[in-house]
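Single-structure report; data block below.
Below, read A as the first sequence line, B as the second, and so on, with proteins coming before strands; counting in each chain starts at 1. Because only heavy atoms are used, hydrogens play no part in the values below, and waters and symmetry mates are left out as well, while side chains stay in. Note that the structure is a prediction, hence the values are computed from the model and not measured.
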Number of protein chains: 2
Amino acid sequence: MRIDDDRTAETTDRGAGPVGGAPSVRRGRPAPTSKDVARVAGVSQSTVSYVMSGKRPISEKTRRIVLEAIDQLTYEPHAGARALAGHRTNVVGLVVPFHNPEAASGLMAFAEEIAVNARDHDYDVLMLTAAEGPAGLARVQRRAMCDAVIVMEVATDDPRAAMARELEMPVIFIGVPDDHDGLHCIDFDFETGALLLVDALADAGCREIAALGWSEERVGLGMNYVPRFRASAEARAAERGVRLRWISAPHTRAGVEGFLDSVLAPAGRSHPGLLTVHSPHDLGAALQQRGLVPGRDLDVVSLCTDVEAEAQPVAPTAVSPQPRDVSRLAMGWLFDLLDNEIPAELRLVEAHLTTRGSVRPLG
Amino acid sequence: MRIDDDRTAETTDRGAGPVGGAPSVRRGRPAPTSKDVARVAGVSQSTVSYVMSGKRPISEKTRRIVLEAIDQLTYEPHAGARALAGHRTNVVGLVVPFHNPEAASGLMAFAEEIAVNARDHDYDVLMLTAAEGPAGLARVQRRAMCDAVIVMEVATDDPRAAMARELEMPVIFIGVPDDHDGLHCIDFDFETGALLLVDALADAGCREIAALGWSEERVGLGMNYVPRFRASAEARAAERGVRLRWISAPHTRAGVEGFLDSVLAPAGRSHPGLLTVHSPHDLGAALQQRGLVPGRDLDVVSLCTDVEAEAQPVAPTAVSPQPRDVSRLAMGWLFDLLDNEIPAELRLVEAHLTTRGSVRPLG
DNA sequence: CTGTTAGCGCATTCAT
DNA sequence: ATGAATGCGCTAACAG
């Protein structure tokens with residue numbers, strides 16, 4: 001049986017470090033535990049726990065004393081112990097996609113937003129890679145490494161969808177798999193975004209639209225937003241009696257040039273319209289080289305973030321997929337999901353058109 | 001006192017799921033524990049533990065039986081429990097920098113390489129943000145959330161350096177703070193890289209070099225590699241009797257154009273040399289627009305990855321900072337550090353010049 | 001309102 | 001070569 005504490009009841013020697021800029025970590029000393037806090041505060045260990053969790057009423061007086069002791073010892077709870085006893089890790093898993101230079105910037109924005117939101121709720125982020133596939137999700141659940149997972153860059157036919165249905169823990173997909181029944185999915189409303197962009201060109205009088213879509217690689221990986229956007233754009237173009245053409249290899253210099261050759265060469269063609277996705281860097285230069293100015297010689301609209309738009313020589317009228325909004329909402333949903341039972345659902349972030357003068361007003 | 005097990009000694013009902021594609025996670029059932037494995041295998045719990053850790057000799061026979069039970073139950077150890085009892089989390093922290101579109105691609109490559117290496121050692125990656133500053137390092141240590149941390153995008157005068165010295169846990173800096181005494185730092189050898197690039201131009205007969213460096217933002221943040229590279233390049237240029245000029249705002253279109261105007265306008269100037277860092281996308285287009293071809297009308301060398309180099313209209317002779325090599329080596333060092341006491345040290349990854357024909361052979 | 005107690009699932013020290 | 005017993009630091013149920 002235990003003979004009680006090995007540590008004596010001194011309340012002073014574990015106090016603050018050297019005067020003036022005491023380091024918040026002291027070498028050699030083991031990290032203080034809630035028992036240490038309890039001793040310093042002169043209360044029981046469970047009281048310390050309850051002060052931290054707020055799961056039962058505590059008198060204002062003891063509350064203050066305990067918080068003071070916590071502060072004095074710079075105590076922080078042992079994550080593993082807490083997870084073991086409390087069945088909660090305070091960690092969310094984030095499955096990041098395979099490296100993709102084209103989309104890297106957007107992905108980092110996503111990830112950062114998620115990490116910051118997590119910290120706001122005293123959560124941390126475990127970085128999982130797409131390389132682990134569905135098995136990765138099962139692994140982190142069985143090891144109890146996180147309370148929920150966010151999956152980015154979902155494919156139309158994504159094997160992680162089936163796995164997510166088997167898991168106990170909440171999984172939020174950023175993107176919409178074909179069969180998203182029973183899944184919690186959130187994404188930008190690419191369908192409406194496509195409508196807005198096609199309409200912007202059609203309203204300006206364009207009879208013909210050339211679209212520079214996602215890279216071949218993205219398409220090949222079956223990214224869910226590609227068909228969502230394309231199908232919607234095509235449907236609307238048909239409705240408006242506009243011809244819509246998709247360009248292959250849109251993100252190579254040759255692709256851009258070839259496109260310009262074929263579409264714009266017959267000078268005087270009526271109202272050529274350009275719809276770009278994440279405007280390829282070369283496009284601005286290519287147009288410029290041909291003396292073509294968006295909003296004067298042709299109409300250009302784009303699906304891209306505001307930052308990307310403003311970076312163009314001529315900022316295009318655009319619809320932003322709002323990566324930060326999407327991840328912020330995803331996190332809000334996730335935290336809701338952790339405490340409450342919420343039925344599976346598909347949530348879409350509203351699309352808006354930002355007019356920027358790359359489209360000629362119909363005159 | 002404990003009345004022993006609540007679970008009966010059946011060894012069959014927790015077996016594999018439905019025949020043919022049994023899901024590896026079964027809803028409703030609690031995750032199996034090492035005790036479950038022990039019961040199924042007919043051994044003690046500690047034996048299961050020792051089979052997994054290999055920390056004491058186990059007969060081949062029981063070893064096999066235990067592994068079989070583990071497999072059958074798809075058992076995985078509870079991360080929190082393991083961390084609590086074993087004082088090891090099997091997690092490495094990774095501090096990712098503030099969002100920076102310019103460098104996002106490289107950072108994702110870093111992160112992916114680190115994550116993959118971690119998984120190879122049965123480690124996971126906790127994503128920390130630079131926003132937490134030095135306090136973030138202290139926090140994850142006190143909470144026992146990881147066994148070591150890797151810090152990316154280190155500043156010349158980085159507050160995390162001081163914190164790292166206080167910590168018990170290993171911290172590896174990717175980058176070299178000014179005062180790196182007592183720190184474990186690893187990075188690409190930017191100094192030698194600069195020498196190689198300046199030499200390449202000087203050897204080709206350039207008397208004048210214009211350098212397009214990092215963005216103002218990077219410089220403003222005090223990124224350690226900026227002065228390391230610049231100082232070394234300047235020193236070598238002086239040695240070689242070459243004039244070296246740094247261009248401000250190198251990553252704006254105006255910056256690039258302004259630079260070309262001032263340096264190249266006086267046609268026939270002797271051997272203009274260009275040294276670029278992460279070639280701005282616009283540079284290729286800008287040169288092309290002026291009818292200038294690297295390797296014919298001027299000499300261009302670059303500090304950029306092979307991928308970035310090959311993406312240019314004319315692939316430049318270049319030195320690659322080898323992000324993947326650096327992170328792989330960092331992880332190797334880290335795992336070494338976890339088991340062995342290794343003195344602090346600065347490790348540099350060797351620089352190599354890859355000749356690609358953007359420099360005219362001296363004739 | 002607060003203290004006492006029993007595990008959470010594992011690693012590890014004793015025993016054999 | 002194996003088993004039994006202990007405790008890591010915490011949460012939550014139980015007892016006042």
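For the pair Q45(B) CD and dT12(C) C1', the interatomic distance rounds to 10 Å; values are reported in whole Å. Atoms CE (M145(B)) and P (dC10(D)) sit 14 Å apart, rounded to a whole Å. Rounded to a whole Å, the NE2 atom of H78(B) is 15 Å from the P atom of dC10(D). Atom CZ of R142(B) and atom P of dC10(D) are 13 Å apart (whole Å). If you take CD1 of I70(B) and P of dG9(C), they are 16 Å apart, rounded to a whole angstrom. Nucleotide dC8(C) holds its C1' atom 13 Å from the CG atom of D36(B), rounded to whole Å. Rounded to whole Å, the distance from CD1 on I65(B) to C1' on dT2(D) is 13 Å. Across the protein-nucleic acid pair, N90(B) atom CG and dA11(C) atom P stand 10 Å apart, rounded to whole Å.
For the pair H87(A) and A85(B), both in contact range of DNA chain D, the more 5′-proximal nearest nucleotide belongs to A85(B). Checking K55(B) against L84(A), the closest nucleotide of DNA chain C that is more toward the 5' end is the one next to L84(A).
Scanning atom types as modelled, no donor and acceptor separated by under 3.5 angstrom connect the side chain of R82(A) and the base of dT11(D). At a cut-off of 3.5 angstrom, the base of dA1(D) holds no donor-acceptor pair with the side chain of E60(B). Judged by distance alone, with hydrogens and angles left aside, Y50(B) brings no side-chain donor or acceptor close enough to the base of dA11(C) to form a pair under 3.5 Å.
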Apply salt bridge (charged side-chain N to carboxylate O under 4.0 Å, His left out) to the pair R29(A) and D36(A), showing each step before the final yes or no. CA-CA 12 Å; R29(A) 270 125 173 159; D36(A) 295 323; over 6 Å; no
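Using a 4.0 Å cut-off between a side-chain N of Lys or Arg and a carboxylate O of Asp or Glu, R88(B) and D339(B) qualify as a salt bridge.
The phosphate of dA11(C) (OP1 or OP2) has no side-chain N or O of S46(B) nearer than 4.0 angstrom. Side-chain nitrogen and oxygen atoms of T47(A) include none within less than 4.0 Å of the OP1 or OP2 phosphate oxygen of dT2(C). Applying the 4.0 Å criterion to OP1 and OP2 of dG3(C), one finds that S44(A) has a side-chain N or O inside that range. OP1 or OP2 of dC10(C) lies within a sub-4.0 Å distance of a side-chain N or O belonging to S34(B). Between T62(A) and dC1(C), a side-chain N or O to OP1/OP2 separation shorter than 4.0 Å is absent. For dT11(D), one of the phosphate oxygens OP1 or OP2 lies less than 4.0 angstrom from a side-chain nitrogen or oxygen of S49(A).
Side chains of L334(B) and Y123(B) form no contact here, defined as non-hydrogen atoms less than 4.5 Å apart.
Counting only distance, with no hydrogens or angles, the side chain of D158(B) and the backbone of A155(B) share a donor-acceptor pair below 3.5 Å.
Other residues, nucleotides and ligands contribute more than 12 heavy atoms inside 6.0 Å of the CZ atom of R119(B).
R56(A) comes within 4.0 angstrom of a base, heavy atoms only. Using a 4.0 Å heavy-atom criterion, one finds that V48(B) contacts no nucleic acid atom at all.
Taking CD1 of I186(A) as the reference point, atom CG of L329(A) lies at 5.0 Å (rounded to 0.5 Å).
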